[in-house]
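Below is one structure; the comments refer to it alone.
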Amino acid sequence: MSSADWKNYEPVLIPNVKDIHKIDVYIKNGGYSALKSVLTDKKKWADSKSVVDEVKAANIRGRGGAGFNAGLKWSFMPPADGGPRYLACNGDESEPGTFKDRKIFEYNPHVFIEGALIAAYAMQITAIYVYIRGEYLAYIKMMEKAIQDAYDKGMIGKNIFGSDYSVDFHVTYGAGAYICGEETSMLESLEGKRGYPRVKPPFPAQKGLWGRPTTINNIETLAHVPSVINRGASWFSSIGAENHPGPILYGISGHVNRPGVYELPSGIPILDLINDVAGGMKNGKKLKAVIPGGSSTPVLRADQLEGITMDSESLRTAGTMLGTAGMVVMDEDTDMVDMLWRITHFYHHESCGQCTPCREGTGWLEKIMLKIKNGNGEVKDLDLLLDITTQMEGRTICALADAAAWPVRHTITRFRDEFEARCKKSAHAVV
Amino acid sequence: MEYEFTKEDLKEIEKIKAKYPEVMPATLPVLWVAQNRFGHVEPEVQRLVAKTLGLPEAHVHGVATFYTQYYKEKKGKYVLDVCTCLSCQLCGGYDILEHLEKTLGIKKGETTQDGKFTLNEVECLGACGYAPMLQITNDKYINNLTVEKTDKLIDMLKKDEEPEYEEIEMPLRKVK
Ligand SMILES: Cc1cc2nc3c(=O)[nH]c(=O)nc-3n(C[C@H](O)[C@H](O)[C@H](O)COP(=O)(O)O)c2cc1C
Ligand code: SF4
């Protein structure tokens, strides 16, 4: 299905089926048949590696933000040696503008559980942990129930579907820390520590949880797996944009009439998402700017949006990224200085403090932005901000520093007039 | 005050420990058990957690202070966490926060004198499509806030009436 044909797309992650969150309803609608197939249909799935290959061919690009091919990531796991191996499912979902994984927890938890089980079999995992942000208490409880139900039905546990494959599945959760969404920070948190990201290498596939091989995937990434198994890699990769295929959960928020989470093919024109899917701008206001995929992805001006589609390639040409596809829409009344100051506050608050460029840099960004917001900034402060972003980028243990730097750099460059108008002009030379 | 876990708590703690190959991973969940029991994890409670798990106090303290949802001091009966981050900011999160400051007669970060309400400004809670919103004491999300809805909520909480879990309408699934 091409992106242009999105109006005829039938959702698979959040389908129009009443009570699909209940395991019986899920099974009645074909649920767990993909898991059964990979475990019992030896003609179709000769071994676990054949599952990895199929998922690799589908090119499910990680929905947690980095967009890495899931099957390829799975193939990095070293051969099984009889010891424990882990799958850690990332349900930390804390990037401002992102609220999609909770839709899966709430409406269709079993599609994620089934996907995680298939992934676990494919990599010969011995235990699965799903890490959910602590604030999602309602969804944590829903997941605990869904996993218990799947245990009771024999979908999790010993000798699933009579095969020789056994695995455990545990729910764990955080207690308030954005950084725990970064994969190695999540591992530290799962191990019961402060969420300090780890230096890589070693990568989690070599040394992850408790020093054992571990793969980390986002909730939505795993939820796509059952349909890849049922319908084939070619079905998945023929949907939407070629370089970033498949359905995507778009989270649309901000100044639109119908904010929410929508499952549609990748590669939809941004303007269609705003004007058709999300019902257009609220109160008939004019569109001013869009953040396409969570607070760290660079903002685009309304005049940059013509012809731009929601996939990595198109967004890169436009000078931004797909990120989590959590799109934030801003109308003509939005104060970009205020908006950016709040983002700098967020990253300063969430920096774990291990690396100097991030700990100090995020603080400076916020401090200078506050000064500008309060009308005490000078034009040279804008260049100072840009300079700090270059000092931060690529110099830290994890990508939080980059995530903090990008919005500052691009919001200032793309809305320079608005920022200068808030700054005092000075006749003194800048030294 | 002497803090002690109940028998049920200790049973739950054993269940938690069984999920992991080591004891340390139980730190976060057991801090949650403690906070649910005592309403906070002040240093005395942190010590109890350390003792119960046989872990160093410094470790438990380090964890408790890293995560924002653990209350390192006593809070009001209802903790109102108002999101003002990005989408909530754009949709009026600060208006709700200021309205609550006025209504409750406290500033953010403070607790009312009768110990009923604590008001906080928090970072993104992952409810961006239902902004502005707040969370009550690490539990229920109250979405799509207006001044009227906020006032009604405060009236309810003053009478100790619990608001319902708000299910979000499924978005339009087929756009035709
Ligand atoms: C600061 C930071 C925060 C992150 N937060 C999340 C998150 O909340 N959820 C998530 O799935 N990935 C998050 N990521 C990305 C993860 O590190 C990781 O790439 C991802 O979970 C891998 O899964 P995927 O390949 O299926 O996308 C974050 C990364 C960084 C640097
Ligand atoms: S970049 Fe920032 S958040 Fe990441 S490890 Fe370094 S200090 Fe911590």
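The chains referred to below are lettered A, B, ... by the order of the sequence lines, with proteins before strands, and numbering in each begins at 1.
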In terms of heavy-atom contacts, does [atom1] of [X] have more than 12 from other residues, nucleotides or ligands at under 6.0 Å?
X	atom1	answer
B/K149	NZ	yes
B/E4	CD	no
B/K75	NZ	yes
B/E161	CD	yes

Quick one: are [X] and [Y] in side-chain contact, heavy atoms under 4.5 Å?
X	Y	result
A/Y107	B/E167	yes
B/F66	A/C352	yes
B/C128	A/T98	no
A/L137	B/K140	no
B/Q69	A/E135	yes
A/L190	B/Y20	yes
B/E22	A/E191	no

Quick one: what part of [X] sits under 4.5 Å from any heavy atom of chain B, side chain, backbone, both or neither?
X	result
A/D338	both
A/Y139	side chain
A/V256	neither
A/Y173	both
A/Y347	neither

Please determine, among [options], the option with the most heavy-atom pairs under 4.5 Å with chain B.
options	result
A/S189, A/A177, A/A278	A/S189
A/A138, A/G174, A/S94	A/G174
A/H349, A/R133, A/M330	A/R133
A/C180, A/G134, A/P84	A/G134

Which region of [X], side chain (C-beta onward) or backbone (N, CA, C, O), has a non-hydrogen atom less than 4.5 Å from a non-hydrogen atom of chain A, or is it both or neither?
X	result
B/N138	backbone
B/A127	both
B/Q35	neither
B/V23	neither
B/Y165	side chain

Flag, side chain of [X] to backbone of [Y], donor-acceptor distance under 3.5 Å:
X	Y	value
B/K19	A/T172	no
A/H255	B/L90	yes
A/R342	B/L86	no
B/W32	A/A175	no
B/H59	A/K193	no
A/E95	B/G126	no

For chain A, the option from B/C91, B/S87, B/C85 that forms the most heavy-atom pairs under 4.5 Å: B/C85
Residue selection (most heavy-atom pairs with chain A, distance under 4.5 Å) from B/T84, B/V60, B/T27, B/V63: B/T84
[atom1]-[atom2] distance between [X] and [Y], expressed to the nearest 0.5 angstrom:
X	Y	atom1	atom2	answer
B/Q135	A/Y136	CD	OH	10.5 Å
B/I16	A/H170	CD1	NE2	12.5 Å
B/Y67	A/I179	OH	CD1	10.5 Å

Short side-chain donor-acceptor distance under 3.5 Å, A/R102 and B/Y141: no
Quick check: closest heavy atoms across [X] and [Y], and the distance to 0.1 Å?
X	Y	answer
B/T65	A/R194	OG1-NH1, 3.2 Å
B/P25	A/W210	CG-CZ2, 3.4 Å
B/G129	A/P259	O-CG, 3.3 Å

Parallel, tilted or perpendicular, as decided by the 30° and 60° cut-offs, for the rings of B/Y130 and A/F99: perpendicular
